[in-house]
Amino acid sequence: MRIVFKTNYMQDIRPWKDGYQLSLYLILLAVVFAAPFVIDEFYLGELTNVLIWAIAGLGLMILTGHTGQASLGHAAFLAMGCYANIILIESGVPFMLAFPLAGILTGIIGMVIAIPALRLHGIYLAIATMAMSILVDDIIVLTEPWTGGVGGKFAPPVNVFGIMIDRWGTPREFYYLCLVVAVVVTLGYINLLRAPLGRSFIAVRDSEVSAQAMGIDVARTKAISFAISCGVTGLAGALMGLFAGAFNNETFSVIISIQLLMMIVIGGLGSIHGAFFGAIVVGFLPQFLSISKEWVGAALGGADVAIPGLEFGVFGVILILFILFEPMGIYGRWFKIRTWFELFPFYRKDMFKRQKSYLKTERLR
């Protein structure tokens, strides 16, 4: 059993628990930094896709995981960030300026939309955000002079400090671009949760009535959470457009919103780690199914059989299993395993017994 003794106040403030945990994160960072020199271009592209999904998951995690506001419309903000980035670049704005501007513009639009939408609660808010995602699909088609309509747009190579980066021509450089954005967003997220604003998010999630009693402006906190969430999601959308190379109104369908929500639930709702665990599942599940079908076909001596909807079916089964047996997701299961090793032989099974996450005053909200 490993016990961490606190000897100064900085141990409560810093992002890592002790030197051992910091060393693990540094080793992980070194591994992902060295990945392009070890794996081939195909798996490097898959790893890049995981990083982009993780950034999008972090954006939704701010709103749903740490503020408790369900959203089924974040595909709309992925689209906003993607189109804003490309339109700014085509207008002559350098990528290093267009990229953050795309996130800021998406965040501002998200905050404006949040003012009326966040008066709703629970399933009603989810339905409202889903309607917004469907509406953005039509808006993209109607604003064809800017968005290209059904024909869509093509993502050009971008200039980053004099280096031309293209997803297909320079996959290694594009991977490092996504890695840097993922690290910066993660560090910002960690510091946000340690700030008074982040603690306000968690207070609103746990109980709006109690948060209001403590002097927190619930409406303002929700609006800021929505803005930050949409801004981070917009950055992911900009990278997603560059990764796809070509996109149109069908690229960011409402299915992406549902998949994004399922991703953070499977990964672990309410944890930064959960966004990355869920992104790994979303990123590598299609390839795992494809390889599995090839193995099954080879074992049966026949050709591969195409099964429509197999990916979403398997994804749904995984989600149901986690909801039934591990509501805390992949990170929750890992946390329990780690706690077992840390507390052995004093670990008790009822330590993580499921409890009600609502107050009687908010049961019907």
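Every heavy atom of this structure was used, including side-chain atoms; hydrogens, water molecules and symmetry mates were not.
- Not a single donor-acceptor pair under 3.5 Å links the side chain of T233 to the backbone N or O of L78.
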### Message
Test ring pair (Phe, Tyr, Trp, His ring centres under 6.0 Å) on F247 and F154; report intermediate values, then the result.
### Response
CA-CA 7 Å; F247 51 88; F154 294 92; 8.5 Å; no
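- Taking the six-membered ring where tryptophan is involved, the planes of F33 and Y176 are tilted, since the angle between them lies from 30° to 60°.
- Scored by the side chain to side chain donor-acceptor pair (under 3.5 Å) test, R194 finds N191 as partners (sequence neighbours excluded).
- Under a 4.5 Å side-chain heavy-atom criterion applied to ILVMFWY residues, the cluster that includes L135 comprises I139 as well.
- In plain terms, the two heavy atoms of T129 and A70 that are nearest each other are OG1-O, 4.3 Å.
- Annotation for R220: atom CZ does not count as buried by contact number, only 12 or fewer foreign heavy atoms lying within 6.0 Å.
- Hydrophobic cluster membership differs between M111 and L63, with clusters built from Ile, Leu, Val, Met, Phe, Trp and Tyr side chains linked at under 4.5 angstrom.
- Between F252 and D137, the closest side-chain pair of non-hydrogen atoms is not below 4.5 Å.
- For the salt bridge (Lys or Arg N to Asp or Glu O under 4.0 Å) test, no residue two or more places apart in sequence or in another chain qualifies with E41.
- Judged by distance alone, with hydrogens and angles left aside, the side-chain atoms of T67 form a donor-acceptor pair with the main-chain N or O of I62 at under 3.5 Å.
- Chaining together hydrophobic side chains whose heavy atoms lie under 4.5 Å apart places V180 alongside V184.
- Distance check: L324 CG to L319 CG gives 9.5 Å after rounding to the nearest 0.5 Å.
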### Task
Determine, stepwise, if the pair V317 / L321 fulfils side chain to side chain contact (heavy atoms under 4.5 Å, CB included).
CA-CA 6 Å; V317 170; L321 291 176; 4.1 Å; yes
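- Under the 4.5 Å side-chain criterion, counting only non-hydrogen atoms from C-beta, F95 is not in contact with L88.
- Interatomic distance, S271 OG to F335 CZ, rounded to the nearest 0.5 Å: 10.5 Å.
- Between V181 and F99 there is a side-chain heavy-atom pair separated by less than 4.5 Å.
- Checking side-chain atoms of T143 against main-chain N and O of W146 turns up no donor-acceptor pair under 3.5 Å.
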### Message
If you apply the rule side chain to side chain contact (heavy atoms under 4.5 Å, CB included), what do you find for L193 with F201, and how did you get there?
### Response
CA-CA 8 Å; L193 294 181; F201 291 165; 5.6 Å; no
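- The distance from the CD1 atom of I108 to the CD1 atom of I113 is 12.0 Å, given to the nearest 0.5 Å.
- Partner of S229 under the side chain to side chain donor-acceptor pair (under 3.5 Å) criterion, chosen from H74, H66, Q69: H74.
- Between the Y331 side chain and the I266 main chain, no donor and acceptor come within less than 3.5 Å of each other.
- For E46, the CD atom sits in a packed shell: over 12 heavy atoms of surrounding residues, nucleotides or ligands are nearer than 6.0 Å.
- A 6.0 Å sphere centred on CZ of F161 holds no more than 12 heavy atoms belonging to other residues, nucleotides or ligands.
- Transitive grouping of hydrophobic side chains (ILVMFWY, heavy atoms separated by less than 4.5 Å) brings I264 and V314 into a common cluster.
- Between L242 and F174 the shortest side-chain heavy-atom distance falls below 4.5 Å.
- Contact of the Q259 side chain with the V282 side chain is registered, since non-hydrogen atoms from C-beta on lie closer than 4.5 Å.
- Annotation: Q287, atom CD; neighbour count of heavy atoms from other residues, nucleotides and ligands within 6.0 Å is above 12.
- With hydrogens and angles ignored, the 3.5 Å screen pairs a side-chain donor or acceptor of S207 with a backbone N or O of S210.
- No side-chain donor-acceptor contact under 3.5 Å links S225 to the backbone of T221.
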### Message
Please determine whether side chain to side chain contact (heavy atoms under 4.5 Å, CB included) holds for the pair E90 and I86, giving the CA-CA distance in whole Å, both sets of side-chain angles, and the decisive distance to 0.1 Å.
### Response
CA-CA 6 Å; E90 290 177 346; I86 298 301; 3.7 Å; yes
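- F322 and I258 fall within a single hydrophobic cluster, where Ile, Leu, Val, Met, Phe, Trp and Tyr side chains are chained together by heavy-atom contacts under 4.5 Å.
- Grouped with V150 in one hydrophobic cluster are V141, the linkage being side-chain heavy-atom contacts under 4.5 Å among Ile, Leu, Val, Met, Phe, Trp and Tyr residues.
- The two residues L142 and P145 come nearest to each other via the heavy atoms O-CD, 4.5 Å.
- Looking at T64, its side chain never comes within 3.5 Å of a backbone N or O of M61 through a donor-acceptor pair.
- By the 4.5 Å heavy-atom criterion applied to side chains, I55 and L239 are counted as neighbours.
- Linking ILVMFWY side-chain heavy atoms closer than 4.5 Å, directly or via other members, places Y175 and F37 in a single hydrophobic cluster.
- Residues passing the salt bridge (Lys or Arg N to Asp or Glu O under 4.0 Å) test with R172: none are found, sequence neighbours excluded.
- Closest non-hydrogen pair, R333 versus F325, comes out as NH2-O, 4.3 Å.
- T147 contributes atom OG1, which lies 6.5 Å from atom CD1 of I140 (distance to the nearest 0.5 angstrom).
- A heavy-atom distance below 4.5 Å is not found between the side chains of V232 and F77.
- Put simply, the side chain of R167 gets close to the backbone of F243: a donor and an acceptor are under 3.5 Å apart.
- Between G110 and C230, the shortest heavy-atom distance links the atoms CA-SG, 3.7 Å.
- When atom types are taken as modelled, the side chain of D40 and the backbone of Y43 share a donor-acceptor pair closer than 3.5 angstrom.
- Side chains of T48 and P171 form no contact here, defined as non-hydrogen atoms less than 4.5 Å apart.
- In this structure, the separation between CE on M263 and CH2 on W53 is 6.5 Å, given to the nearest 0.5 Å.
- The structure places CD1 of I330 at 13.0 Å from NE2 of H273, a figure rounded to the nearest 0.5 Å.
- No single ILVMFWY cluster, assembled from side-chain heavy atoms under 4.5 Å apart, contains both I109 and I115.
- The two residues L235 and G103 have their closest heavy-atom pair at CD2-CA, 3.9 Å.
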### Task
Let me see the working for K336 and E326 under side chain to side chain contact (heavy atoms under 4.5 Å, CB included), right down to the final yes or no.
CA-CA 10 Å; K336 292 176 182 178; E326 187 49 81; 3.2 Å; yes
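- Closest approach of A102 and G81 over heavy atoms only: CB-O, 3.6 Å.
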